[in-house]
Amino acid sequence: MTTLAPAPVAPPVSASRPRRRRPAPSLVAAIAVIAFLLLAAAWPALLATHSPTANDFAAALQPPSFAHWFGTDEAGRDLYSRVVWGARESLLIGAGAATVSLGLAVVLGTAAALGGRILSGVVGFVLEVAFAFPALLLALLLVAVLGPSAWTQVLAVGIGTAPGYARIVRAQVLAARSSGYVEAAVALGHPRRRIVLRQILPNALRPLVAIFALSVGQSIVWASSLAFLGLGVAPPSSEWGALLDAGRAYITRAPWLVVIPGLVIVALALAATSLGGHLRTALDKGEKA
Amino acid sequence: MSTTARPVRPLVALAAGGALLALAGCAPATASGGGEPLEGGTVVYAHQQEPACVFGGWIEQAYLSYQVLDSLLSLDEDGTAVPWLADSYEVSDDQLAWTFHLKGDVTFTDGSPLTAGVVAHNFDYWIAGGNSTAQVWLDGYYTSAEALDDLTLVVHLARPYPRLPETLTQGYFGIQSQEALENRSEEQNCEAPIGTGAFTVDSWSRGSEIVLKRNPDYTSWPANAKHQGPAIVDTVEWKFVADATTRVAALRSGEVQAIYDVPAVEWASLGDEGYELEKYVTAGRPQQLTFTTSRGVFADEKVRQAFAYSLDRESAVETIGQGLIPFEGNGGVSQSTPGYSQKAADRYDYDPDQANALLDEAGWTGRDDDGTRTKDGERLTVVLPYGAGSIINADGAAILQALQEQATKVGFDVQLVPVPQSEFFAGAYSTAEEKDITVGYWTAVTAGILYINWRPSTADHPNYWNNAFYNDSTLEGYILEGNSASDVDAQNAAYQRAQEYIADHALAIGVYDRLSTLAVGGSLKDVWQEHSQGGPVFHDAYLVG
């Protein structure tokens, strides 16, 4: 579950440009990882060296080599190609779940902050209850009801992680509502709807750009957890969590089947987190400038 | 792990019914792996699947109930039914009345006596649905059971069934206390059935373990037991560890002393490390693919045959099974079943050209962008659901994926659907409309299993286990002939004709034989696999230290 603290709300975005600086190595690395994986998701055939599903029994359980960069699995399938082909599903699940999660968070968080007394109370209560409910348990419940599939994973992870983000949104909106520029807009007699749409939401939701990047990485980890529990997409999908799940039976004999997909998930999560951090820093600087 | 075992002293063993005398005769004084045989202690055993009740119609339940409930007969290594609760039996000349002579002075662990009346009550309980598998075995043959006196039971049949004694050795036919069945709640009998067995169920922590306690008054061990007398160990902690890797790790760390269902990839290494390995090729229906014949693409025999030819089943099983899991070509019964037909097993070699030709003949001549064949706009898609983790373990799932890929090459689109255990046993994917292929096994001691799997299903007498949804009087005739022929050779010949019929019409094709495997650490001795279903027997087990 996310433990992100609400970002301080600053005055409206300035038009001034930040000074150009050399990008941090961590940012370059994060962009490189994400770019590679996006390329894999868009054109897997361009990067894969083998078919992701073709059996080659003579080459079963081979360790990483020049012929098979990430080794092979129990049916002789090329693990590197399976990782590449699995990128699309993994990233779609990650981005989809992050979208569902943040979409719900914006609606619920804004309603909790700006709704009337009753609506705020009800939404706030729902959020507190949902927040107290372990996200993985909630996700498992949804998978049990809807059945395992990629879309179920998107919904399960998205709904499971939404309450945490909704609290952030609520805090941001409340802070924006009491800011000086909103008070000024009220004093100028701007209609409430215009103040909400033009002043409060754009400023309150700006930190979500960075949070979205973080959420994608987290969602992929969550979805991988579900797949690892056997509640992911159907075989022979090479979604990364499913690869982990399938590989664990061979962990002593062929550890690469677990270690490599695990490292790929870690690399993406780190890259997304790093990118989110840099985005957040850049936005904060933009606000201060 | 706690093993508060004591060194065995002759007097203690003698007082315990001669246990040590038998032990001394059957086991080395100093076990390899070290130490003296101990009396008492706790065996910690890691099993894979956790059933809903101890007693029931699933083999995993039979494994458990075998520790707690005794049956009339036990199966010996050579396939002979030997005395257990019944000292002897005979059959009438017309083969319709079986008389069982029970052991005297046997009591259930609730104190009630074992009588012929109690056993007759159990027969009626099974046929009424008390055990779903016992019910389908007896269905169509059993008419009644009566007690001639306290220790003489007569079972009446509607038709001859010469292999009844062997059939009764399966764990589904464990005898329970009538008093318990009538006076305790269903839940109590589910969690801790009352038998005359070597152990009693002490507690069940759902999701974790069942604790079995030694029955100190046990007197009714089977004739093929390795020792006479009550169990040697005090306690068996029967843990449920679904993940195979975790089971192996627990064995290696010494956290458990024995594990069930050894993953194929670990078999050789565990053997090299000195663990005792036990392997039992389950008789009965193998892990096979049965085609839905009543609707869908497999209503056409040519398409079924094409699917069979498209698969290199042997290579897939040999590779993924690491040479441990036996390939099985026969879709009727496994190679360890009496009356097995090698001809049926050899019916379909890997022949993609033949598969393509058959699909062309059947009119599946189009191809879509994915390479899947089409006919009149319909894709050649087949749905193959499987009980993930319950019926099909990790090795089996990997084999299915390999077959899926092979079938793709000739234009099938095979959709594998892993079904969680709870959904699977709740009836998901049980109808013809929901699936094109049924995969699974059904353990049995005789080819009589064919009757359960292929008896026609009618409105008056439905057969929910006819997974091909195929009603055919010729096939039924062969099986009925096998079931009732008095001569074993005649039985086998009829059963073989049935298997060949199944193969010729491509109603089902075999994939691999279901194994029951055990890996046992050096501190535990004389755990053996029961011969009717391959479950572990702890009555004779002892610890060394």
Side-chain angles (χ1 to χ4, degrees), chain A residues 45 50-62 72-79 81-82 85 140-150 152 226-239 241-259, chain B residues 242-249 252 261-270 273 311-312 314-322 371 383-386 388-390 392-409 414-423 426 428-429:
Chain A
H50 297 73
S51 158
T53 55
N55 299 324
D56 181 1
F57 295 140
L61 296 177
Q62 295 293 307
T72 62
D73 68 7
E74 70 280 359
R77 293 177 294 192
D78 182 71
L79 183 60
S81 301
R82 287 182 65 69
W85 278 91
L140 287 173
L141 179 71
L142 286 167
V143 173
V145 171
L146 301 174
S149 74
T152 303
L226 289 175
F228 182 74
L229 293 173
L231 299 170
V233 292
S237 164
S238 55
E239 190 269 323
L243 288 181
L244 268 181
D245 180 39
R248 69 184 159 146
Y250 302 89
I251 193 167
T252 54
R253 169 83 181 275
W256 57 87
L257 292 177
V258 175
V259 171
Chain B
D243 182 59
T245 310
T246 309
R247 285 198 303 279
V248 172
R252 284 194 168 115
D261 196 28
V262 181
V265 73
E266 297 284 2
W267 183 261
S269 56
L270 285 173
E273 292 165 33
L311 305 179
D312 186 1
E314 186 164 11
S315 295
V317 172
E318 287 297 320
T319 304
I320 295 167
Q322 304 281 314
V383 176
L384 197 170
Y386 62 94
S390 52
I392 300 292
N393 63 10
D395 292 326
I399 290 169
L400 288 181
Q401 284 190 42
L403 301 187
Q404 177 189 40
E405 172 64 12
Q406 291 168 354
T408 302
K409 288 184 177 168
V414 181
Q415 296 184 355
L416 293 178
V417 183
V419 185
Q421 179 175 321
S422 55
E423 279 184 55
Y429 293 98

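In what follows, chains are A, B, ... by sequence order, proteins preceding strands, each numbered from 1.
Checked by atom type and distance alone, the side chain of A/Trp85 never pairs as donor or acceptor with a backbone atom of A/Ala45 at under 3.5 Å. The main-chain N or O of A/His50 is never found under 3.5 Å from a side-chain atom of A/Asp78 such that the two would form a donor-acceptor pair. A donor-acceptor pair under 3.5 Å links the side-chain atoms of A/Ser238 to the main chain of A/Arg82, judged by distance alone.
Neither the backbone nor the side chain of A/Ala58 comes within less than 4.5 Å of any heavy atom of chain B. For chain A, no part of B/Glu318 is nearby; none of its heavy atoms comes within less than 4.5 Å. Contact of B/Gln415 with chain A is not made at all, since no heavy-atom distance falls under 4.5 Å. Neither the backbone nor the side chain of B/Arg247 comes within contact range of chain A; no heavy atoms are under 4.5 Å apart. Using a 4.5 Å cut-off between heavy atoms, B/Ala242 does not touch chain A at all. Looking at B/Ala402, both its backbone and its side chain come within 4.5 Å of chain A, counting heavy atoms on both sides. Of the atoms belonging to B/Ala398, heavy atoms from both backbone and side chain fall under 4.5 Å from chain A.
Partners of A/Arg77 under the salt bridge (Lys or Arg N to Asp or Glu O under 4.0 Å) rule, at least two apart in sequence or in another chain, are A/Asp73, A/Glu74. In terms of the side-chain contact (heavy atoms from CB on, under 4.5 Å) criterion, residue partners of A/Ile251 (sequence neighbours excluded) are, by chain and number, A/Val258, B/Thr245.
Contact count versus chain B (heavy atoms, under 4.5 Å) is highest, among A/Ala60, A/Gly76, A/Ala75, A/Ala249, for A/Ala249. Residue with the most contacts toward chain A among B/Gln404, B/Gln322, B/Glu423: B/Gln404 (heavy-atom pairs, distance under 4.5 Å).
To the nearest 0.5 Å, atoms OG (B/Ser315) and CD1 (B/Ile320) are separated by 10.0 Å.
Side-chain contact between A/Thr252 and B/Ser269: absent, with no pair of heavy atoms (C-beta onward) separated by less than 4.5 Å.
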